[in-house]
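First the structure, in the form of structure tokens, and then the observations on it.
Counting starts at 1 for both ligands and their atoms, following the listed order. Computation of the quantities below employed the complete heavy-atom set of this structure, encompassing side-chain atoms and omitting hydrogens, waters and symmetry-equivalent molecules. Keep in mind that this is a model prediction, so the values were computed, not measured. Sequence positions, counted from 1, serve as the residue numbers for this chain.
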Amino acid sequence: MWYHRLSHLQSRLQDLLRGRVTHWALQQSNFKSLFPLAIHWHHTASKSLNCVWQQHEDHFELQYANNVMRFDYVWLRDHCRSASCYNSKTHQRSLDTASVDLCIQPKTIHLDETTLFFTWPDGHVTRYDLDWLVKNSYEGQKQKVIQPRILWNAEIYQQAQVPAVDFQTFLETKEGLKNFLQNFLLYGIAFVENVPPTQKHTEKVAERISLISQRWRSSIQSAKTRPGADCGSDHELLIAKFRLKLKKVGKTTRPFRETIYGRMWFFTSDFSRGDTAYTNLALDRHTDTTYFQEPCGIQVFHCLKHEGTGGRTLLVDGFYAAEQVLQKAPEEFELLSKVPLKHEYIENVGECQNHMIGVGPVLNTYPWNKELYLIRYNNYDRAVINTVPYDVVHRWYTAHRTLTRELRRPENEFWVKLKPGKVLFIDNWRVLHGRESFTGYRQLCGCYLTRDDVLNTARLLGLQA
Ligand SMILES: C[N+](C)(C)CCCC[C@H](N)C(=O)O
Ligand SMILES: O=C(O)CCC(=O)C(=O)O
Ligand SMILES: [Fe+2]
């Protein structure tokens with residue numbers, strides 16, 4: 001036994017002398033004192049760089065720029081950006097990850113200035129810039145939020161005095177669009193004002209969010225102002241050409257999310273569809289399309305007409321409420337983010353026959369940093385709960401009550417009367433909406449937008465999303 005242990009230590013020591021520090025070695029608390037010189041960190045030649053690294057048996061450890069990072073060797077091989085592994089024109093991986101030996105270890109590692117070089121057993125060399133590793137490491141990502149936000153209650157939102165953007169500015173200037181999107185990303189709601197109260201103009205506003213139509217618009221603009229340009233038929237031809245081009249790349253309907261309600265929708269209290277939205281009843285706070293596997297990312301509302309009383313819109317920041325739950329009862333937050341449930345839309349009115357089902361928890365968080373990214377909350381559309389055993393059900397109801405209490409606090413309610421000319425964008429993954437009951441004739445139009453396309457536009461304008 002003794003002998004065995006000793007020889008084991010000896011072979012480890014040989015490993016160490018060959019420059020390989022093992023994971024096992026670090027776990028032995030007395031190891032350092034046994035062999036004080038055995039574990040060696042590689043320091044950089046330039047001390048000012050402040051970078052040390054160590055090659056463990058099953059991972060690479062790097063300390064740089066106040067970060068301690070650990071990298072799996074398969075990961076390091078998989079993310080190689082050499083010309084044969086990665087196509088930098090298409091930003092796509094060429095390497096077949098399945099061909100990488102799962103036990104791969106680098107033959108040698110060395111640092112030159114700020115670049116690390118890994119030489120693999122087959123001679124292939126992978127180079128990483130230290131800053132790239134910081135940016136792309138798990139440890140680096142964990143500390144970062146994907147989406148910076150300002151959580152609000154009615155007072156916070158009103159004090160912030162977030163300006164609405166003017167229709168013309170929004171349509172014609174990049175700054176107008178950028179400011180609007182920045183506010184939308186931070187608060188989850190944003191307004192455009194002075195919009196002519198028609199469905200066509202509302203559609204125009206929605207289209208602006210897509211960068212494709214923005215490029216299209218500016219191309220037409222520059223063609224128009226080109227010296228000697230004939231603004232008549234030539235111009236028409238140009239527009240037709242652009243439309244065709246857009247159609248070819250499948251960009252014509254972006255960024256609309258066409259649903260069972262259509263691409264653009266228009267509704268009043270005529271019960272033309274089998275849903276309470278099409279009545280004049282009050283609607284408690286909720287998010288829409290919870291019965292889709294992926295609820296619509298953004299909702300646009302424009303009240304075109306209202307001759308009557310009531311009908312104010314209620315807005316509540318679901319993330320602010322969820323944050324309160326996290327502070328007061330973290331285990332309830334956890335439960336709401338773990339228990340999957342169904343939401344359902346069953347319609348059988350005239351020609352409209354639909355049965356939609358969506359499954360997912362009320363709170364959706366990124367597993368690596370616990371950041372909340374989607375709240376699915378609609379008590380009207382919540383389906384029979386048959387996905388959880390009775391004792392969990394009871395705890396879930398308790399947690400749901402806690403969240404509902406937060407969502408219903410009067411100080412969290414922001415009420416607005418939507419007037420013709422004022423278009424409201426709502427982040428349907430974050431902000432809940434509702435409405436007061438009303439009398440008289442009330443017309444609303446709007447649409448759902450695809451979140452990916454809106455975030456795409458925001459990122460291309462330099463915003464973090
Ligand atoms: C917006 N628009 C009137 C088209 C549809 C309303 C959908 C209502 C549904 N109960 C939900 O919450 O998803
Ligand atoms: O009528 C309203 O103001 C909103 C109704 C509603 O919740 C919806 O259409 O999604
Ligand atoms: Fe709704």
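Protein heavy atom in closest approach to atom 10 (O) of ligand 2: Asp288 OD2, 2.8 Å. In terms of protein heavy-atom proximity, atom 3 (O) of ligand 2 is nearest to Arg442 NH2, 2.8 Å. Scanning the protein heavy atoms around atom 1 (O) of ligand 2, the nearest turns out to be Arg435 NH1, 2.7 Å.
Vertex the Fe ion (ligand 3); arms to His433 NE2 and His286 NE2; angle rounded to 10 degrees, 90°.
When you scan the N, O or S atoms of Asp288 for the one nearest the Fe ion (ligand 3), you land on OD1.
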Donor-acceptor pairs are to be reported for all side-chain atoms of residues 142-150 against protein atoms at under 3.5 Å, with residues two or more places apart or in another chain.
none

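Within ligand 2, counting atoms from 1 as listed, the ones closer than 4.0 Å to a heavy atom of His286 are 7 (O). Under a 4.0 Å criterion applied to the non-hydrogen atoms of Phe301, ligand 2 contributes the atoms 4 (C), 8 (C), 9 (O), 10 (O). Of all the atoms in ligand 2, the ones that sit under 4.0 Å from a non-hydrogen atom of Gln299 are 10 (O). Per-residue contacts place Leu283 under 4.0 angstrom from the following atoms of ligand 2 (heavy atoms of the residue considered): 5 (C), 6 (C), 7 (O).
Minimum heavy-atom separation, Val431 to Ile189: CG1-CG2, 3.9 Å. Smallest separation of non-hydrogen atoms from Gln293 and Ile357: OE1-O, 3.9 Å. Between Glu332 and Thr398 the shortest heavy-atom distance is OE2-CG2, 3.7 Å. Smallest separation of non-hydrogen atoms from Ile375 and Gly318: CD1-O, 4.1 Å. Here the closest non-hydrogen pair linking Asp288 and Tyr448 is OD2-OH, 2.7 Å.
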Dump all N/O pairs between ligand 1 and the protein below 3.5 Å as a table: atom names plus distance, one pair per row.
unit_1   : atom_1 : unit_2 : atom_2 : d
ligand 1 : 10 (N) : Asp275 : OD1    : 3.3
ligand 1 : 10 (N) : Asp275 : OD2    : 2.7
ligand 1 : 10 (N) : Asp381 : OD2    : 2.9
ligand 1 : 12 (O) : Asp288 : OD1    : 3.1
ligand 1 : 12 (O) : Asn378 : ND2    : 3.1
ligand 1 : 12 (O) : Asp381 : OD2    : 3.4
ligand 1 : 13 (O) : Thr289 : N      : 2.8
ligand 1 : 13 (O) : Tyr291 : OH     : 2.7

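Remark: the backbone N or O of Met69 is not paired with any side-chain donor or acceptor of Ser137 at under 3.5 angstrom. In this structure, Trp120 contributes its side chain and Ile104 its backbone to no donor-acceptor pair below 3.5 Å.
Where the criterion is an N or O separation shorter than 3.5 Å, residue side chain and backbone included, His433 meets it with respect to ligand 2.
Residue Phe267 holds the heavy atom nearest to atom 9 (O) of ligand 2 of all those in Tyr380, Phe438, Phe267.
Between Glu331 and Arg395, no side-chain nitrogen of the basic residue sits less than 4.0 Å from a carboxylate oxygen of the acidic one, so the salt-bridge criterion is not met.
Ring orientation note: the planes of Phe414 and Tyr157 are tilted relative to one another, at an angle of 30° to 60°.
Within the 6.0 Å centre-distance limit, the rings of His400 and Tyr377 are counted as a close aromatic pair.
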